[in-house]
Protein chains: 4
Amino acid sequence: MSTSTPRRGRASGRREATRQRLFDAALSLIAEHGYDVTTVDEIAERAGVAKGTVYYNFGGKEELYTALLEWGVTRLAETLREAVPPPEEGVDERDSLIRVLRAGVVFIGTHEELARMLMAESWRTNRSWYATVHQLRTEAIGVITGQLEQLAGRGRLRPDLDTDLAGSALFGMVVTVALNWRNLQPERPVEDIHTTLAHMADGLIGPA
Amino acid sequence: MSTSTPRRGRASGRREATRQRLFDAALSLIAEHGYDVTTVDEIAERAGVAKGTVYYNFGGKEELYTALLEWGVTRLAETLREAVPPPEEGVDERDSLIRVLRAGVVFIGTHEELARMLMAESWRTNRSWYATVHQLRTEAIGVITGQLEQLAGRGRLRPDLDTDLAGSALFGMVVTVALNWRNLQPERPVEDIHTTLAHMADGLIGPA
Amino acid sequence: MSTSTPRRGRASGRREATRQRLFDAALSLIAEHGYDVTTVDEIAERAGVAKGTVYYNFGGKEELYTALLEWGVTRLAETLREAVPPPEEGVDERDSLIRVLRAGVVFIGTHEELARMLMAESWRTNRSWYATVHQLRTEAIGVITGQLEQLAGRGRLRPDLDTDLAGSALFGMVVTVALNWRNLQPERPVEDIHTTLAHMADGLIGPA
Amino acid sequence: MSTSTPRRGRASGRREATRQRLFDAALSLIAEHGYDVTTVDEIAERAGVAKGTVYYNFGGKEELYTALLEWGVTRLAETLREAVPPPEEGVDERDSLIRVLRAGVVFIGTHEELARMLMAESWRTNRSWYATVHQLRTEAIGVITGQLEQLAGRGRLRPDLDTDLAGSALFGMVVTVALNWRNLQPERPVEDIHTTLAHMADGLIGPA
DNA sequence: GATGAATGAGGGTTCATTCAT
DNA sequence: CATGAATGAACCCTCATTCAT
């Protein structure tokens with residue numbers, strides 16, 4: 001995964017390169033094996049630096065992980081937001097929603113590791129980073145919910161639906177399907193996925 | 001412990017009771033905090049037995065967890081299967097599917113802990129119990145997929161849909177929505193949830 | 001190894017049979033893997049009894065082991081003693097000594113497990129059974145030393161030799177050679193062993 | 001720690017010193033009480049380091065022990081080899097052998113702990129380090145056997161003797177006598193020991 | 001900026017022993 | 001006589017963290 005520089009204005013050279021290496025190493029390792037099971041030693045080794053360097057750059061394992069989560073979910077939310085067609089294009093609201101969902105599928109296809117990491121950690125209360133994850137997750141879902149509200153505003157949504165509920169349903173569906181696709185039938189064309197999701201979304205929207 | 005029952009499977013009364021206590025304790029603890037973070041000490045303490053008893057009865061932490069997973073997903077699959085109306089009742093295929101989904105929601109509402117445990121562990125490869133989880137998960141999804149195939153057989157399903165894909169989409173949707181419901185808006189009547197899911201399912205089925 | 005009933009006048013039937021089974025199981029297990037590494041569970045299992053039975057019959061692991069040691073070294077000492085020709089037979093003193101050594105080799109060949117157990121535990125101070133082992137070992141060596149003294153009394157021994165020292169040298173030699181024989185070249189005829197030992201003994205006796 | 005030495009093998013000063021402390025601590029403890037009974041806690045404490053340091057430096061208890069064994073028997077074999085007079089000195093073959101045996105006695109007198117450790121562990125099959133011990137033991141015995149072969153080449157050895165067998169007999173004898181000496185009669189002059197062993201060796205060589 | 005040796009709290013596991021049946 | 005479920009102290013090992021270099 002070729003992660004682009006996470007924040008910090010000018011790339012301060014060596015330091016920034018080290019941080020990036022650590023970032024990538026941690027992401028791949030944690031996504032594959034889980035946070036608890038991944039050791040700082042492993043992260044340092046895969047990044048090709050000494051163990052102390054992790055602490056010098058991130059302060060600790062948990063901070064590194066939190067940074068990872070924030071960076072990841074922020075990117076997801078951004079990606080979804082960018083998929084929303086600007087009003088001036090006059091795209092149909094239903095198609096707008098579909099575009100957002102498609103963007104979600106593509107994102108997960110590209111950042112599979114990140115997606116797995118999020119799903120694994122999303123359902124546990126009592127974790128020090130639960131608040132962070134939850135807030136960010138809500139932000140991502142918010143983009144979808146926003147589209148649903150647009151539809152509702154146009155009277156294009158079934159009146160007995162709660163947009164929050166439906167938004168989270170769509171989100172869960174997108175992630176589950178996309179992940180199953182990558183894990184179980186990666187040879188399948190992405191269009192099949194899009195079709196399935198579009199149909200389910202249309203179920204929410206109701207007959208035109 | 002109670003009556004006489006003299007032969008094998010006899011004073012197993014004691015043993016079986018202990019196993020059950022351990023089971024319950026492990027389930028609640030692991031679902032809440034996660035597998036890695038839960039200690040054998042905690043499990044034993046909550047079960048009200050000594051630490052060694054865990055090993056006497058289950059062989060180890062991992063075995064206990066695996067037993068938990070198997071038991072859990074088996075129950076889920078059973079519940080879904082039982083929700084399928086018997087053919088002689090002549091229930092409409094679409095309504096059959098809806099009943100299965102509703103049963104899923106109800107199950108998660110009742111066994112929230114189990115559901116969280118499953119979702120947290122479902123997305124990680126390279127875990128020693130991945131095979132177990134995956135197989136069992138597939139079994140549960142299989143019940144949904146089975147209903148979709150019935151619909152397809154009747155020509156009631158959109159022809160461009162893959163039943164496996166759609167099955168996993170419905171499953172992920174059910175779990176996500178149900179869990180969000182319990183976590184975020186537990187005061188909401190279960191009927192709202194059912195409605196949302198029914199609409200999305202109808203999207204798959206297409207206009208009657 | 002078909003151990004004959006260790007003490008206790010009349011064989012009290014079931015009890016004695018159980019004790020014997022435990023004895024044999026413990027001997028083979030401990031000789032092979034060592035005292036610390038052998039578990040009471042294993043002993044009980046090999047003996048075909050429940051774990052509690054070990055405690056009912058011997059009081060504990062250490063007591064069982066001590067009983068084993070006592071029984072074993074006593075048998076060794078007895079065997080060596082019985083090999084000493086009675087004075088009335090008028091056997092040459094040198095030949096008497098040789099007979100004792102041969103008896104030692106034969107004993108070890110037959111009770112290899114016991115011999116290994118003794119060698120492994122003989123050299124450690126600070127063990128609760130050190131005194132027992134040491135005393136018994138001394139008793140066995142004493143038989144050899146006794147023969148050397150006979151020779152010395154007849155003026156048949158090199159005058160600058162200490163019989164205690166020489167006795168333990170012979171003992172160590174016998175055990176080492178016999179064990180190496182069984183372990184490394186078991187196909188070799190026992191006569192080769194006897195020859196080697198006889199020569200070394202003759203070195204102590206000096207030229208006739 | 002001391003000078004500058006900037007490259008690899010440099011600040012290893014610290015690490016090497018720690019390893020040595022651990023080595024010494026483990027040797028004395030294990031030789032006294034045995035491998036199984038000695039705890040890593042004790043070793044660390046005697047070495048004056050934290051428990052984790054044992055694992056950082058040796059990987060585990062067993063590895064530490066194996067390293068100990070290798071180091072020990074290598075030293076023994078070296079000592080014996082160095083005791084063999086160089087050919088140009090033209091030392092008599094019988095005297096050569098005697099010198100090797102004396103060197104063995106002296107070594108054991110100096111490294112009593114090591115010798116006890118070796119004897120205790122030499123007779124058990126099925127230990128993970130059995131192969132190591134056995135191979136090294138053979139190497140040490142090999143030096144003695146080598147001398148016997150020299151004698152045989154010169155026709156100075158009884159023709160009916162197997163050198164391997166006789167070599168192990170001498171080895172066992174040396175160790176047993178030396179250890180008994182240190183344990184039971186440490187006040188005795190080393191010359192007495194040498195005399196006894198020389199006589200027994202002469203028994204093998206036969207009359208000049 | 002980076003390193004890596006050292007730390008020690010804490011976790012999983014083993015096993016001799018007890019005791020109610 | 002014998003059993004086997006239960007116990008808990010003690011063990012080996014892991015790993016996030018610190019800090020002198």
Side-chain angles (χ1 to χ4, degrees), chain A residues 12-19 36-44 49-57 59-64, chain B residues 1 6 10-19 22 36-44 48-62 64, chain C residues 12-19 36-44 49-57 59-64, chain D residues 1 6 10-19 22 36-44 48-62 64:
Chain A
S12 49
R14 186 172 172 203
R15 171 106 193 227
E16 208 48 47
T18 302
R19 280 181 66 94
D36 299 290
V37 142
T38 301
T39 68
V40 175
D41 271 287
E42 288 169 336
I43 296 173
V49 300
K51 204 205 296 214
T53 306
V54 175
Y55 291 85
Y56 184 75
N57 280 285
K61 185 187 180 186
E62 200 165 314
E63 287 90 328
L64 170 53
Chain B
M1 172 142 280
R10 100 227 97 116
S12 298
R14 175 134 179 252
R15 180 146 194 192
E16 212 44 57
T18 303
R19 278 181 68 96
L22 247 6
D36 299 290
V37 144
T38 301
T39 69
V40 175
D41 271 289
E42 288 168 341
I43 295 173
V49 300
K51 203 201 309 205
T53 305
V54 176
Y55 292 86
Y56 185 74
N57 281 285
F58 287 95
K61 187 187 180 186
E62 200 165 313
L64 170 53
Chain C
S12 49
R14 186 171 172 204
R15 169 108 194 227
E16 207 49 47
T18 303
R19 280 181 66 96
D36 300 290
V37 141
T38 301
T39 68
V40 175
D41 271 287
E42 287 169 338
I43 295 174
V49 300
K51 205 205 296 216
T53 306
V54 175
Y55 291 85
Y56 184 75
N57 280 284
K61 186 186 179 187
E62 200 166 314
E63 287 89 328
L64 170 53
Chain D
M1 171 143 278
R10 99 225 99 116
S12 297
R14 176 133 180 250
R15 180 145 194 193
E16 211 45 56
T18 302
R19 278 181 67 96
L22 246 7
D36 300 291
V37 144
T38 301
T39 69
V40 174
D41 271 288
E42 288 168 342
I43 295 173
V49 299
K51 205 204 301 210
T53 305
V54 176
Y55 294 87
Y56 185 74
N57 281 286
F58 286 95
K61 188 187 180 185
E62 200 165 314
L64 170 53

At under 4.0 Å, does any side-chain N or O of A:Asn57 touch on OP1 or OP2 of E:dG1? no
State, to 0.1 Å, how close C:Val37 and D:Asp36 come at their nearest heavy-atom pair, and which atoms those are. CG2-OD1, 3.6 Å
Taking any heavy-atom pair under 4.0 Å as a contact, classify A:Lys61: base, sugar-phosphate, or nothing. sugar-phosphate
Inter-residue atom distance B:Arg19.CZ - B:Thr53.OG1, 0.5 Å rounding: 12.5 Å
With sugar-phosphate meaning primed atoms plus P, OP1 and OP2, does B:Val54 contact a base, only sugar-phosphate, or nothing at under 4.0 Å between heavy atoms? nothing
Taking only N and O in the side chain of D:Thr53, is any of them less than 4.0 Å away from OP1 or OP2 of E:dA5? no
Could you check whether the side chain of B:Lys51 and the base of F:dT7 have a donor-acceptor pair of N or O atoms closer than 3.5 Å, going by distance alone? no
If you assign A:Gly52 and C:Gly52 each to the DNA chain E nucleotide with the nearest heavy atom, which residue ends up on the more 5' nucleotide? A:Gly52
Determine the contact category for D:Thr39: base if any of its heavy atoms lies under 4.0 Å from a base atom, sugar-phosphate if only primed atoms, P, OP1 or OP2 are that close, otherwise nothing. sugar-phosphate
Once you round it to whole Å, what is the distance between P of E:dG10 and CG of B:Asp41? 11 Å
Is there side-chain contact between C:Val54 and C:Lys61, with heavy atoms separated by less than 4.5 Å? no
E:dA16, F:dA6, E:dT3: which one has an atom nearest the side-chain heavy atoms of C:Val40? E:dA16
Tell which nucleotide pairs with F:dC15, taking only Watson-Crick or G-U wobble pairs whose two distances are both under 3.5 angstrom. E:dG8
Taking CD1 from A:Ile43 and P from F:dC15, how many angstroms apart are they, rounded to a whole number? 12 Å
E:dT21: pairing nucleotide in any strand, Watson-Crick or G-U under 3.5 angstrom: F:dA2
Gap between atoms OH and P, on C:Tyr55 and E:dA20 respectively (whole Å): 17 Å
C:Asp36 atom CG is separated from F:dA10 atom C1', nearest whole Å, by 14 Å
Quick check for you: to the nearest 0.5 Å, what is the distance between B:Lys51 atom NZ and B:Glu42 atom CD? 11.0 Å
Please tell me if C:Thr18 has a side-chain N or O lying less than 4.0 Å from either OP1 or OP2 of F:dC1. no
Whole-Å gap separating C1' (E:dA6) and CZ (D:Arg19): 15 Å
For F:dA10, give the paired nucleotide (Watson-Crick: N1-N3 plus N6-O4 or O6-N4; G-U: N1-O2 and O6-N3; both under 3.5 Å), or none. E:dT13
Closest nucleotide among E:dA6, F:dT7, E:dA2 to the D:Arg15 side chain: E:dA6
Provide, to the nearest angstrom, the distance between the OH atom belonging to A:Tyr56 and the P atom belonging to F:dT17. 18 Å
Can you work out whether D:Glu62 or A:Thr38 has the more 5'-proximal nearest nucleotide on DNA chain F? D:Glu62
State, with a plain yes or no, whether a side-chain heavy atom of B:Asn57 is found less than 4.5 Å away from one of B:Arg15. yes
Just so I know, are the side chains of A:Tyr55 and A:Glu63 near enough to count as touching, which here means a heavy-atom distance under 4.5 Å? no
To the nearest angstrom, how far is B:Arg14 atom CZ from E:dT21 atom P? 8 Å
Starting at CD of C:Glu63 and ending at C1' of E:dT17, how long is that distance when rounded to a whole Å? 11 Å
On DNA chain F, compare the nucleotides closest to D:Glu42 and C:Val49; which residue's is nearer the 5' end? C:Val49
